Amino acid sequence: MPSTLSLSAGPLSLVLGLPDRGMPEILAFGRGAAAPAFWPDVPRSSRINGMDVDVPSAVLLPVTGLGAFGWPAISGHRDGRDFLLDFSGWAVRRDGKITVLTASDAVAGIDIEISILTSEAGVFGLSTRLSSVKDGVYTLDRCMAGSFLLPAGDATATRFTGMWGREFQIRRHPFAPGITLQESRRGRTSHDRQPYLGVAVGAARFAFHLGWSGNHLVAVDTLDDGRRLVHLGALFEPGEIRLSRSDSYQSPVVYAAEDAAALQAFVRSEVLSWPDGKMPPRPVTLNTWEGNYFDHRLDSLKAQADAAAALGIERFVLDDGWFGRRDDDTTSLGDWIVDRRKYPDGLKPLVDHVTSLGMQFGIWFEPEMVNEESDLYRAHPDWALKVEGRPFLRSRHQQVLDLTRSEVADYLFDKIAAVLSTLAISYIKWDMNRDLTHVGGADGRAVTTAQTRATHALMARVRAAFPHVEIESCASGGGRTDYGALANTQRVWTSDCTDALDRLEIQRGASLFLPPEIMGAHVSANPSHQSGRTLSLTFRALVAMAYHLGVELNPLDMTAAERTELAGYIALHKRLRPLLYAPGANFNLDPRDGRYVWGAMTSDHAAVFVAQGPTMIAEQPEPLVLRLPGAPEQMWRIAAAHGDCPTGFIRMSDGQMKLLSGELTFSAASLASAGLPLPMQRPETALLLELRPAP
Ligand code: GLA
């Protein structure tokens, strides 16, 4: 008997109709979605020239060939046969927050299991499992994690574009008729095509994300009636997923929410895992990369640690260059043994020095990679992913190890474990510095999906064995930033670009699906190693301060005055970090005229960062409008102004001066409507306004 199923996640609801045969129909999705009492008695597909039976198109995971003509979310075959799927016998099982729908296709010999997670944070998570229950091999060409229904009407997509050093560049566009497709084939989440999609249709807002660090597909298909189906899932190479009897394919999870706030809350409550179940204060970090590159000198590193501790830094991360004979990026990946030329007594003297200063010690690994110029590759050339007879393409002089082979995964685990178990290390920067190409496993078949899973599994294994060790997910910056990676990591290296001007856009973009405390943001040297730009220390510090703050320079190269200034910003960050990371407090506005506004607010304190990137075009910035929590009639004032205030302003009136110095008060209601008339800011300046209720 057909039945309906209504599920809620915070303000969002999903209503499904479970038919006698065919895929579950999405009857409604969004705020206040409710089941139509007349379902399934009124046909939904009364197409002229259509089938004589009702074939709805707004279904979860459409399949084709039996009267539905949309983009198929699942497809496969047994050597060309069993190419049609038709599931029946839908059953529903509840398992805590997860509702599981199951059905079978007895002809094709395929069982399906769709898991629906409902989170109070306001997030749905869908994943799909297909199992073969028949002899022979079922080749699965595609299996999306899940599908969501969008209303008809003009819609605007929000997507990311980018490249190395330019991650999370927001682009908005209307949808074209038909299908909008994004495919990513780099074997990592990628810098250019994030598995993220935001959609605005009328007043409704949606945000989708696939928790997957490998090849992916995002498809938006327009139905005959103008509504749209959104599908996200992993993308397979030809012949990559072959299911023998009893084998299953389990998809990653696709998440759906209304907005960034819900996704961020979900990451905090359900994606991240912390050693004692609770996030410790995010330690201000010194990362040695830009200050040292491969030139590791023990005495200097110790002196840098001293200087870092004096600045108030709490975690010292030794980046690339400590192992093998790694004097540049041409050698040694795979040889995870300390370089005795640089560290004659091993790493212990440095680790002990750092920890004796009260700082945590972190270390860099790039486990999945190997240089051909390494002892590992010389011993095991067959451990690299390759396809016989095809070019063996290097990228950053490196190759990729086949982690789907247990001996490779065991080798890497043992090497990482040997370092972690002998030294007081509490943090790994886990890097991945190339796209995957020629991803052939031992039998010559593609293993991209399995490699992605094997990497997650290795991370999970390290976490399980060393639960006190936090991991940062890095892939040439933010190339592996997704909820699949975040299940085993606690920070992302948002971008290799540490230029604060470029970071405005990068951090704003990443904020669409990440909470600020897990986004690494470092103050780096002048001129910027990436852009060549020179920016004030104030600007560099304030642009980084609301995120997981770090420093990416050699502190010995700073003047005494610069160190004092930076120490002041680090102290300010520490004072503000409980506010900046408070649940539901952070915000990040769409920039206008080069002005970026972000920060955090609670009912008794707000930290508002205002940064002007490029020179303004208008003569006046629009008033600063913010919706503070608490009573609308509550009076507030600017209790402190830090950074480029007032020097960053052009032509300030007495009234504005009084406003900024806290002499004038304003109600929360007026701030939310009239706003604050701040003066025009010079380019590349930033200020931080602390707002407090007026006494
Ligand atoms: C990548 C990372 C950098 C640094 C280098 C080291 O580019 O993103 O932060 O760790 O590798 O080689």
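Counting starts at 1 for both ligands and their atoms, following the listed order. In what follows, residues are counted from 1 in the order of the sequence shown. Everything numeric in this text was worked out from a predicted model, so none of it was measured. As a basis for the values below, the full set of heavy atoms in this structure was taken, side chains included, without hydrogen atoms, waters or symmetry mates.
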Heavy-atom closest contact (Ala257 atom, Leu263 atom, distance): CB-CD2, 3.8 Å
For the aromatic rings, using the six-membered ring if either is Trp, is the centroid distance between Phe365 and Trp336 under 6.0 Å? yes
Just jot down the ring-ring contact (aromatic ring centres under 6.0 Å, His included) partners of Tyr293, sequence neighbours excluded, or say none. Trp289, His529
Just list the N/O pairs, ligand 1 to protein, that are under 3.5 Å apart, with the distance for each.
{"unit_1": "ligand 1", "atom_1": "7 (O)", "unit_2": "Asp496", "atom_2": "OD2", "d": "2.8"}
{"unit_1": "ligand 1", "atom_1": "8 (O)", "unit_2": "Gly477", "atom_2": "N", "d": "3.1"}
{"unit_1": "ligand 1", "atom_1": "8 (O)", "unit_2": "Asp496", "atom_2": "OD1", "d": "2.5"}
{"unit_1": "ligand 1", "atom_1": "8 (O)", "unit_2": "Asp496", "atom_2": "OD2", "d": "3.0"}
{"unit_1": "ligand 1", "atom_1": "9 (O)", "unit_2": "Lys429", "atom_2": "NZ", "d": "2.7"}
{"unit_1": "ligand 1", "atom_1": "9 (O)", "unit_2": "Trp493", "atom_2": "NE1", "d": "3.4"}
{"unit_1": "ligand 1", "atom_1": "9 (O)", "unit_2": "Asp496", "atom_2": "OD1", "d": "3.2"}
{"unit_1": "ligand 1", "atom_1": "10 (O)", "unit_2": "Asp319", "atom_2": "OD1", "d": "2.7"}
{"unit_1": "ligand 1", "atom_1": "10 (O)", "unit_2": "Asp319", "atom_2": "OD2", "d": "3.1"}
{"unit_1": "ligand 1", "atom_1": "10 (O)", "unit_2": "Trp364", "atom_2": "NE1", "d": "3.0"}
{"unit_1": "ligand 1", "atom_1": "10 (O)", "unit_2": "Lys429", "atom_2": "NZ", "d": "3.1"}
{"unit_1": "ligand 1", "atom_1": "10 (O)", "unit_2": "Asp431", "atom_2": "OD2", "d": "3.3"}
{"unit_1": "ligand 1", "atom_1": "11 (O)", "unit_2": "Asp431", "atom_2": "OD2", "d": "3.0"}
{"unit_1": "ligand 1", "atom_1": "11 (O)", "unit_2": "Asn433", "atom_2": "ND2", "d": "3.1"}
{"unit_1": "ligand 1", "atom_1": "12 (O)", "unit_2": "Asp320", "atom_2": "OD2", "d": "2.6"}
{"unit_1": "ligand 1", "atom_1": "12 (O)", "unit_2": "Arg396", "atom_2": "NH1", "d": "2.9"}
{"unit_1": "ligand 1", "atom_1": "12 (O)", "unit_2": "Arg396", "atom_2": "NH2", "d": "2.9"}

Should the pair Arg186 and Trp212 be classed as cation-pi, given the thresholds of under 6.0 Å to the six-membered ring centre and 45° from the axis? no
Can the positive tip of Arg508 be found less than 6.0 Å from the middle of the six-membered ring of Tyr596, inside 45° of the ring normal? no
With heavy-atom distances below 4.5 Å as the criterion, would you say the side chains of Arg480 and Thr489 are in contact? no
